[in-house]
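Notes follow once the structure below has been shown.
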Amino acid sequence: MLYNKIPMGKLASITDILQLLNDHFAEHLVSVIKHQSRLLLDKNQTESLLIITTDSNKFLNFIELINNNKSLRQYFLICPPLLLSEAEIQHSCDVFPVEFNEICEAAETLYGKPLNKIINIQNINLRLQVESNLRRNIILLRREFFVRGQNLLPLLYESLTGFVLNLKYMLRLKNVQITGHDKKQIISKAAGLFPIDVQPFFLVVRKFEEKKPYKIKNKELLTLFDSYLKQLMIITNEVDTMIVS
């Protein structure tokens with residue numbers, strides 16, 4: 001039976017978690033990495049722990065450890081962990097290069113190997129995921145147009161958040177390094193390399209983020225939606241024809 005070393009009613013600390021993992025998984029533990037990123041199934045930016053092991057079959061043992069420790073359960077309700085084996089990460093680099101790059105950018109290695117010592121991201125896979133994400137963005141915009149009705153500005157802003165993330169990695173493929181997710185900075189940099197009109201993107205940011213309630217007529221909103229979609233298609237075609245090494 002796994003034992004409880006943390007007093008009940010107290011939220012587990014990082015030190016507590018590392019101690020428990022070392023007590024029970026020392027021979028299987030590769031890394032514990034704290035990060036804040038938009039990751040895999042997460043739509044929002046949240047703090048989480050990436051726990052890397054030598055054997056993903058230990059997942060049930062990990063669940064047992066959590067279930068026998070109330071403070072640990074409370075911590076992981078707030079900061080859900082991601083448990084992967086080292087082999088799973090290495091075999092997923094061609095599928096999730098954007099996500100793993102995002103973790104590396106905002107990661108704090110609490111134990112073991114840094115993630116950048118485990119992954120090997122190939123530009124060809126990064127280009128492919130960026131294109132896939134952008135094409136998915138276009139498809140979802142067209143579909144959600146009929147669902148969201150008059151509520152199009154929040155839809156465009158949601159789309160823009162994902163677009164900017166992928167645009168950042170298009171710039172990286174052009175050897176332009178940008179950290180963070182400053183929308184205007186990334187879009188401005190892209191305008192110097194790709195044949196896009198930045199105005200629809202900047203208008204979405206300005207109208208959605210301005211402090212006073214935004215006011216935009218329905219006809220203007222439809223025009224903005226159309227312009228935004230056209231520019232998104234242009235940038236998607238750019239990444240489709242991009243040659244990387």
Looking at [atom1] of [X] and [atom2] of [Y], how far apart are the two atoms once the value is rounded to the nearest 0.5 Å?
X    : Y    : atom1 : atom2 : result
I139 : L134 : CD1   : CG    : 11.0 Å
L160 : K183 : CG    : NZ    : 6.0 Å
L155 : R143 : CG    : CZ    : 10.5 Å
F100 : L84  : CZ    : CG    : 6.0 Å
I235 : I187 : CD1   : CD1   : 10.0 Å

Residues D240, R135; criterion salt bridge (charged side-chain N to carboxylate O under 4.0 Å, His left out); working and verdict: CA-CA 10 Å; D240 180 45; R135 292 196 183 282; 3.8 Å; yes
With a 3.5 Å distance limit and no angle check, can you tell me whether [X] reaches the backbone of [Y] through a side-chain donor-acceptor pair?
X    : Y    : value
Q231 : D197 : yes
S188 : Q185 : no
N22  : L18  : yes
E88  : S85  : yes
N67  : E64  : no
S227 : T223 : yes

Indicate yes or no: at least one non-hydrogen side-chain atom of [X] is less than 4.5 angstrom from one of [Y].
X    : Y    : answer
L115 : I89  : yes
N101 : R172 : yes
L50  : P81  : no
E131 : M242 : no
M170 : F194 : yes
L21  : Y111 : no
E105 : H35  : no
I121 : P97  : yes

Ring geometry between F208 and Y157 (parallel below 30°, tilted from 30 to 60°, perpendicular above 60°): parallel
Evaluation steps, side chain to side chain donor-acceptor pair (under 3.5 Å), between S159 and N137: CA-CA 7 Å; S159 166; N137 197 341; 2.7 Å; yes
Stepwise salt bridge (charged side-chain N to carboxylate O under 4.0 Å, His left out) check, E158 with R148: CA-CA 12 Å; E158 291 166 18; R148 304 290 277 268; 2.9 Å; yes
Residues Q129, N125; criterion side chain to side chain donor-acceptor pair (under 3.5 Å); working and verdict: CA-CA 6 Å; Q129 191 192 358; N125 294 322; over 6 Å; no
Could you pull out the closest heavy-atom pair between [X] and [Y], with the gap in Å?
X    : Y    : answer
S31  : I118 : OG-CD1, 3.9 Å
G180 : I186 : O-CD1, 4.0 Å
F225 : L141 : CZ-O, 3.6 Å
I196 : A190 : CD1-CB, 4.4 Å
N166 : N133 : OD1-ND2, 2.8 Å
V239 : R127 : O-NH1, 2.8 Å

CD1 (I124) with more than 12 external heavy atoms under 6.0 Å: no
Between T54 and H28, a side-chain donor and acceptor under 3.5 Å: yes
side-chain contact (heavy atoms from CB on, under 4.5 Å) between N120 and Q122, intermediate numbers included: CA-CA 6 Å; N120 180 23; Q122 301 294 320; 3.1 Å; yes
From CA spacing to verdict: salt bridge (charged side-chain N to carboxylate O under 4.0 Å, His left out), E102, K168: CA-CA 11 Å; E102 282 291 288; K168 181 174 82 170; 2.7 Å; yes
